[in-house]
Every structure is written in C-alpha cells, then in structure tokens.
Number of protein chains: 2
Amino acid sequence: MTTVPPGTKAEPCARIERGQGCGVERCGLCEARAVSICNAIEEDQLSELARATTVVELAPGEVFRNEGASPEYLFNIISGSVKLFKLLADGRRAVIGFLTVGDFIGFGRPDAVPCSAEALTNVRLCRFERGKFRVLLETYPKLERRLLAVASDEVAAGQEHMTLLGRLTADERVARFLLARAEASQRLGGSSKDLELPMTRSDIADYLGLTIETVSRVFTRLRRKELIDYKTARSVTLQDRPGLLAISEGG
Amino acid sequence: MTTVPPGTKAEPCARIERGQGCGVERCGLCEARAVSICNAIEEDQLSELARATTVVELAPGEVFRNEGASPEYLFNIISGSVKLFKLLADGRRAVIGFLTVGDFIGFGRPDAVPCSAEALTNVRLCRFERGKFRVLLETYPKLERRLLAVASDEVAAGQEHMTLLGRLTADERVARFLLARAEASQRLGGSSKDLELPMTRSDIADYLGLTIETVSRVFTRLRRKELIDYKTARSVTLQDRPGLLAISEGG
DNA sequence: CGTAAGATTGACTCTATTCAACCACGGTGG
DNA sequence: CCACCGTGGTTGAATAGAGTCAATCTTACG
C-alpha cells in the first residue's frame, strides 16, 4: 500500500494568475467552453461570466484545494489534468477521480471541501469565487439546471466506481480503468486506442483500491496477453478492445 | 461472496396506491416533510405539489426501480427503509446505499436508472412522474436549489464511501458502518446507541465490499471486545463509542 | 412443530499485499 | 560528456487478510 508521509506536497498553490481584465471575449474564446457548464450561458451574457472568473495556471504537483478547508473557490478545468484525493490519518490515500477539460470542481457539502485536488500536468483553471458563483446560479437558471445535471451524473459515476471498488477483481478493475480512459479520450476528440496517461501507477493504484505492485503486475499481464502494449508506462495502446471488455466483465 | 441467481426478486412492484385526490393537506401533513426536499416549497403552494405526487406502499423485498430502465419516476421516502444496489452479469452484487425517511431517489443520468431500489421494510413512497417533476423544478427555483444541494451532498458521501471501499480494512469498514448508522438514527430523532438494522448481513457485506462471513466475524469480534452487543442480529447496541471510533480510524 | 432463510463458526485457500531487490529514465552538476 | 541520484516502475518471494466451502445454529413464521 502506498502511504503518504504527513506534510508532503502541500505546496503553496496558484503560481501565475491572469487578471479579470482580459475583456468580454475571454469566455467566448475559451477552449473548454464547448464541454463545460459555461455553455449553459448565452453568448451575449458571457461578459458577466468573464467578470466573475479568474484564470489560474498550475504546474504539475500543485495542490490547489484542500480536503476539509472551507470551499472558497469553485473551478472549471480549461486545460490539463487533475486528480482528486483523500488522505487518511495514517497516510493511506484514496484517489477519487481524474478530471480534465471541461470538468467542474466544486461539489460537496457547503462547510468543507470533500477532497483535495492536485494538478497532474500543467493546468489552466477557471476560478469562481464562491459568492459570485452563487449569484451566477441565481441569475442564470439554465446554469443551475446544467449544474444539477452534472451533479446527478457524478452521483451515478460514483456509484459505478463503488461497484468497482467493492466487487471487482484486480484484473477487472484495471481493464475497466483502461476502457474508461479510452472513452474519455475519445469524448475529447482524441484517440480511443492510444492513451496518454497523465497519472502515475501509484495514482492508478489509489484510484482502483490496489497497490502499485498489483497494478504493475496486471499491466504486464495484459501486455503479455497482447491486450495492450506500451513502450513507456505513461502511453498505452489498447490492442484488443473486445478482450479487455471481456476481462472487465469477469471473463 | 454472495451471488444472486439471475431473475430473482424482480417482483411486480407497487402493491397499493393511494390516489392523488387526498386533498391539499396531504403534503402539509406529510411525516417526511421536515426532512425532505419538499420543505423547499412554501406552505401555500403545497396543493400543487400534492397534485404532482402519488403515494405508493411497498412490502419488504419489493423492487420498485430497476437499474438500466428508463427513469419514469422519482421518489421521496415517507417512511421505511430502502436499499440501492447494482448487479453484475455473474450475480455479484454491490449495495450502493441505504435510504430512509426524507431521502430522495432519482439522481443519475437522464437515460438510464443507475441502480435498482428495493424495500427493506414496509415502505411508503411519494412518487413523482418525471415530467411533472421537471415542471415543479422549473416552477420552484427553491426546489431546484435544494435538490442541487442534496445532489452535491450525495457526491461527497459517495467519495467518502469510495475511500472506505478502496482503503479500509474489514474492521474499519464495519466500525464506520455502525457509527454512520448511529448518526443517521440520531438525526431522525432516534437513539444513537441502540440501532435497529433494517438490512441483512448480506446487504451489509455487499455495501462494505466484504462477504457475509467476514461481516459476521467482525461483528462477533466487536462483541467479544465489548464494543457492541446484540441479542438478535438486527438490533445492535453500541457500548463503546470511542473504541469503535478508534477502530474506524485504524486503531 | 417443521421448515427455510439468515447468521455464525471453523478449516482451508487464494488473491492481493508486503517486503525487497532491481531496473529505466531524466535531470543535475562536476 | 558522463556519472550520479532520485523518482517511478517492474519483478520475485513470502505473508496475511479476506474469501470459499461446509457444517451448524438461530430465528421467524406458516
């Protein structure tokens, strides 16, 4: 089991910021607009949206949201990848999910952030101050509706993951993980065969409820069976999708 | 591992129904009103709410919502207990959660119900037809805001449970389960020491990602250590809360 | 009272973990 | 340029925690 020595990676946060003054066009030109909740807001009201946001840039490893803290900010990911995680008192870690372009960070109880967030790659975030975000929600019912739909989706995704953690074998978990990655990649216009994994084996292990060693062993087993292939650990090719699917379903 | 033979318990559903005609007062007198999302709707508009709902009564074991089906109805629990679960192709089961008075059933993707729902006890449900519910949401922004808060909470609770499933030992899981039950009982005005468990050991096992045998062994171990006590399997007394808490945290 | 479903307990097995060694790669600095 | 180091990844051997199989007990109920 990977354990994290207490007091690691609590880096300051928020290296570079671009002010709000970039004009009305910023949100209209946003690379993430097509896939983010912001597209619930009409073109002609984007200036108001832009005024409520700040763009933040992060380097890999930066933690920008801390479990237990008061939720001052909400975020939309403009580019890059992020992981959400929880730490136990003794250092055990659970990775809750991996997020990318268009994903929203901000659900949870109103009093405390449910899990920490860390940049896996260089990341650009669109940051909302909580109060301003609330005003936006009240002003744009469409945005609220959209957000409810996203939260509702997330509930379902969470239930799916609980099933994986509670009832699947290591092989099944890894196979599902790879297939889910492929789907996510495809959804963003990427390849559904060649995957770039922005996370380490340790992240994957903590996400799947396994150890690094087990994840590694399953990867090599899948490679030996020629279901996948890879030269570096981070870029994997899915060679036999049906085979992976079979394994993911307990074949 | 408990496995479910395919085609079990797919009982018809919805035994008794009370029509919509019970008048304006029904929602005002509802036992669950204080703790359900309906309290986002003002007193003087309850008649409209009542017109959108049907009360349904179920016996233990009845499945009233099926994973994968189209979500025709949404529910609020008026009384009784319900479990949500998912089945794998080979019969493995994951119990996603246990719900009671005031809880809302209806999150998920718009196209398919994320998990099945079964009555654990006699249950009274308040049923919303999907279309009518949507109209309600559009009519009462407060209701929508409330629902977003509930969904957001549920996301956080799900993350908590993922951590349990991914990273806790059997003892920790059971201890946490009992403490969570105690809290839930207290929240509804019940005892936080004497618990009535509406679910079987098998349900608990599928909820905690364990087997019946392991759950049973942990229960007896906790009893031998005098952290809990019980005469029947279904009614447990928490004798040493701090002790349980210590175990739940890896003590 | 007899039956069936649920719960407990024991003996054994096995999957995934732990512990440990080793390898590969990328960046740094002499 | 290359040696060095650290991080991340792989692999092997031994271990343990939970699972499986099976027998027995308990309880609820017709």
Side-chain angles (χ1 to χ4, degrees), chain A residues 1-5 8-9 59-61 83 90-93 95 120-121 164-175 197-224 228-236 247 250, chain B residues 1-5 8-9 59-61 83 90-95 120-121 164-175 196-224 228-236 247 250:
Chain A
M1 169 120 10
T2 337
T3 55
V4 181
T8 300
K9 281 214 182 151
K83 75 167 180 238
D90 59 3
R92 280 176 286 181
R93 174 170 45 199
V95 167
L120 290 170
T121 60
L164 176 147
L165 292 170
R167 284 293 172 246
L168 299 196
T169 65
D171 286 21
E172 289 164 2
R173 293 181 203 199
V174 173
L197 303 177
M199 71 292 285
T200 66
R201 292 283 187 269
S202 172
D203 291 331
I204 298 175
D206 288 341
Y207 179 61
L208 298 179
L210 302 168
T211 58
I212 329 176
E213 295 93 328
T214 301
V215 170
S216 182
R217 279 186 250 270
V218 175
F219 266 85
T220 57
R221 204 179 304 151
L222 292 176
R223 175 153 68 168
R224 271 205 269 272
I228 64 173
D229 195 23
Y230 52 93
K231 274 164 281 305
T232 77
R234 299 285 189 95
S235 74
V236 179
I247 289 185
Chain B
M1 168 119 13
T2 338
T3 55
V4 182
T8 300
K9 283 219 181 145
K83 74 166 181 238
D90 59 4
R92 278 175 288 179
R93 174 170 47 198
V95 167
L120 289 170
T121 61
L164 177 147
L165 292 170
R167 284 294 173 242
L168 299 197
T169 66
D171 286 20
E172 290 164 3
R173 294 182 203 199
V174 173
E196 289 303 316
L197 302 178
M199 70 293 284
T200 67
R201 291 285 187 268
S202 171
D203 291 332
I204 298 175
D206 288 340
Y207 178 60
L208 299 179
L210 302 168
T211 58
I212 328 177
E213 294 93 330
T214 300
V215 170
S216 184
R217 279 187 251 269
V218 176
F219 267 84
T220 58
R221 202 179 306 151
L222 293 177
R223 175 152 68 168
R224 272 204 267 273
I228 63 173
D229 194 25
Y230 52 93
K231 275 165 277 307
T232 76
R234 297 286 189 96
S235 74
V236 179
I247 289 185

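Lettering follows sequence order; numbering is per chain, from 1. Bear in mind that the values here come from a model prediction, so they are computed numbers and not experimental data.
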Look at the side chain of R92(A) and the backbone N and O of L168(B), then say whether any donor-acceptor pair between them is shorter than 3.5 Å.
no

From CZ of R173(A) across to P of dA16(C) the rounded distance in Å is 8 Å

Note: L120(B) and P198(B) closest approach over all heavy atoms is CB-O, 3.8 Å

Rounded to whole Å, the CG-P distance (D206(B) to dG19(D)) equals 11 Å

So what does T169(A) touch, heavy atoms closer than 4.0 Å: a base, only the sugar-phosphate, or nothing?
sugar-phosphate

Whole-Å distance, R221(A) CZ to dG9(D) P, equals 18 Å

Whole-Å distance, L168(A) CG to dT15(C) P, equals 16 Å

R167(B) CZ to dG17(D) P, in whole Å, measures 16 Å

Are any of R234(B)'s side-chain N or O atoms less than 4.0 Å away from OP1 or OP2 of dG6(C)?
no

Between the protein and nucleotides 11-15 of chain D, are there any N/O to N/O pairs under 3.5 Å, and if so, what are the atom names and distances?
from	atom 1	to	atom 2	distance (Å)
dT11(D)	OP2	T220(A)	OG1	3.3
dG12(D)	N7	R217(A)	NH1	2.9
dG12(D)	O6	R217(A)	NH2	3.4

So, does T211(A) get its side chain near the phosphate of dA16(C), meaning an N or O under 4.0 Å from OP1 or OP2? no

Rounded to whole Å, the NZ-C1' distance (K231(A) to dT10(D)) equals 18 Å

To the nearest angstrom, the CG-C1' distance between L208(B) and dA18(D) comes to 13 Å

Taken in chain and number order and not counting sequence neighbours, the residues that satisfy side-chain contact (heavy atoms from CB on, under 4.5 Å) with S216(A) are none

The side chain to side chain donor-acceptor pair (under 3.5 Å) partners of D171(B) (sequence neighbours excluded) come to R221(B)

On DNA chain C, more 5' by nearest nucleotide between V215(A) and R201(B) is R201(B)

For residues L165(A) and L164(B), determine if any side-chain heavy atom of one lies less than 4.5 Å from a side-chain heavy atom of the other.
no

Taken in chain and number order and not counting sequence neighbours, the residues that satisfy side-chain contact (heavy atoms from CB on, under 4.5 Å) with A233(B) are R201(B)

Quiz item: Under a 4.0 Å N-O cut-off, is there an ion pair linking D206(B) with R167(A)?
Solution: yes

When rounded to whole Å, the CD1 to P distance for the pair I228(A) and dG9(D) reads 14 Å

